[in-house]
Amino acid sequence: QVQLVESGGGLVQAGGSLRLSCAASGRTFSNFAMGWFRQAPGKERDFVARISQNGPATYYAGSVKGRFIISRDNAKNTVYLQMNSLKPEDTAVYYCAADTSYSDIYYRESIDYWGQGTQVTVSS
């Protein structure tokens with residue numbers, strides 16, 4: 001089992017920045033590719049970004065590319081999502097995801113482990 005705990009969400013004005021963190025425990029962190037998804041009210045949970053087990057490979061949804069940066073620190077068992085130039089449409093609950101397959105971190109049905117989510121609200 002892997003336990004994932006997100007933090008760093010909150011309320012921010014449009015154009016501002018937030019950094020989300022996801023702390024993992026339970027199994028060897030470096031064995032897992034990591035990612036972020038988000039879910040707005042009344043909508044499905046959508047892919048945001050992913051990072052490979054040792055960090056050289058990343059991939060972003062088109063809606064956040066160039067504004068968000070995913071990174072990881074395997075020594076701290078933590079993955080981060082730096083969110084810049086935030087827009088009201090970025091408002092959602094953000095979920096951390098872990099999977100042994102890097103390519104599977106795109107399809108929400110394939111995710112091995114989820115965090116409980118952290119709310120991000122961007123005001124206009």
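You'll find the side chain of T118 stays beyond 4.5 Å of the side chain of V93, heavy atoms only. Side-chain atoms of L20 and C22, non-hydrogen and from C-beta on, never get closer than 4.5 Å to each other. In this structure, the side chains of R50 and T58 stay at 4.5 Å or more apart for every pair of heavy atoms. When side chains are defined from C-beta on, L86 counts as touching F68, because their heavy atoms get closer than 4.5 Å. No side-chain heavy atom of I70 sits under 4.5 Å from any side-chain heavy atom of Q82.
For the pair T91 (side chain) and T121 (backbone), a donor-acceptor distance under 3.5 Å is absent. With S110 contributing its side chain and R108 its backbone, the two residues share no donor-acceptor pair below 3.5 Å. Judged purely by atom type and a 3.5 angstrom limit, Q13 has no side-chain atom pairing as donor or acceptor with the backbone of V122. Between the side chain of S124 and the backbone N or O of P88 there is no donor-acceptor pair closer than 3.5 Å. A donor-acceptor pair under 3.5 Å links the side-chain atoms of D99 to the main chain of D112, judged by distance alone.
Judged by the 6.0 Å and 45° rule, R72 forms a cation-pi pair with F29. A cation-pi arrangement is present between R45 and Y95, with the terminal nitrogen or guanidinium carbon under 6.0 Å from the aromatic centre and inside a 45° cone about the axis. Relative to the six-membered ring of Y80, R19 meets both conditions, a distance below 6.0 Å and an angle of at most 45° to the axis.
Residues Y102 and I69 are members of separate hydrophobic clusters, defined by side-chain heavy-atom contacts under 4.5 angstrom among Ile, Leu, Val, Met, Phe, Trp and Tyr. Cluster annotation: I111 is connected to Y107 through the hydrophobic network of ILVMFWY side chains, with a link wherever side-chain heavy atoms come within less than 4.5 Å. One hydrophobic cluster, built from ILVMFWY side chains closer than 4.5 Å, cannot hold both L18 and F37; they sit in different ones. Both W114 and I105 belong to a single network of hydrophobic side chains, linked directly or stepwise wherever heavy atoms of I, L, V, M, F, W or Y lie under 4.5 Å apart.
A side-chain donor-acceptor contact under 3.5 Å links N84 and S17. A donor atom on one side chain and an acceptor atom on the other are not found under 3.5 Å apart for T28 and S30. Side-chain contact, Y94 with R38: a donor N or O sits under 3.5 Å from an acceptor N or O.
Nearest heavy atoms, M34 versus A98: SD-CB, 3.6 Å. When all heavy atoms of E6 and G117 are compared, the pair lying nearest together is OE1-N, 2.9 Å. Closest heavy-atom contact between L4 and A24: CD2-CB, 3.6 Å. Minimum interatomic distance between V12 and G16 (heavy atoms only, all atoms of both residues): CG2-CA, 3.9 Å. The minimum heavy-atom distance linking S21 with T78 is given by the pair CB-CG2, 4.3 Å.
To the nearest 0.5 Å, atoms CG (L81) and SG (C96) are separated by 9.5 Å. Rounding to the nearest 0.5 Å places CZ of R27 at 13.0 Å from CG of N77.
Between D90 and R67, at least one side-chain nitrogen of the basic residue sits less than 4.0 Å from a carboxylate oxygen of the acidic one, meeting the salt-bridge criterion.
Surrounding OH of Y113 are more than 12 heavy atoms belonging to other residues, nucleotides or ligands, all under 6.0 Å away. In this structure, Y106 places its OH atom where only 12 or fewer heavy-atom neighbours from other residues, nucleotides or ligands lie under 6.0 Å away.
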> Should T100 and N31 be marked as a side chain to side chain contact (heavy atoms under 4.5 Å, CB included) after you check the CA-CA gap, both sets of side-chain angles, and the distance that decides it?
Replying inline: CA-CA 6 Å; T100 54; N31 287 345; 5.6 Å; no
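You'll find the ring centres of F47 and W36 outside the 6.0 Å limit.
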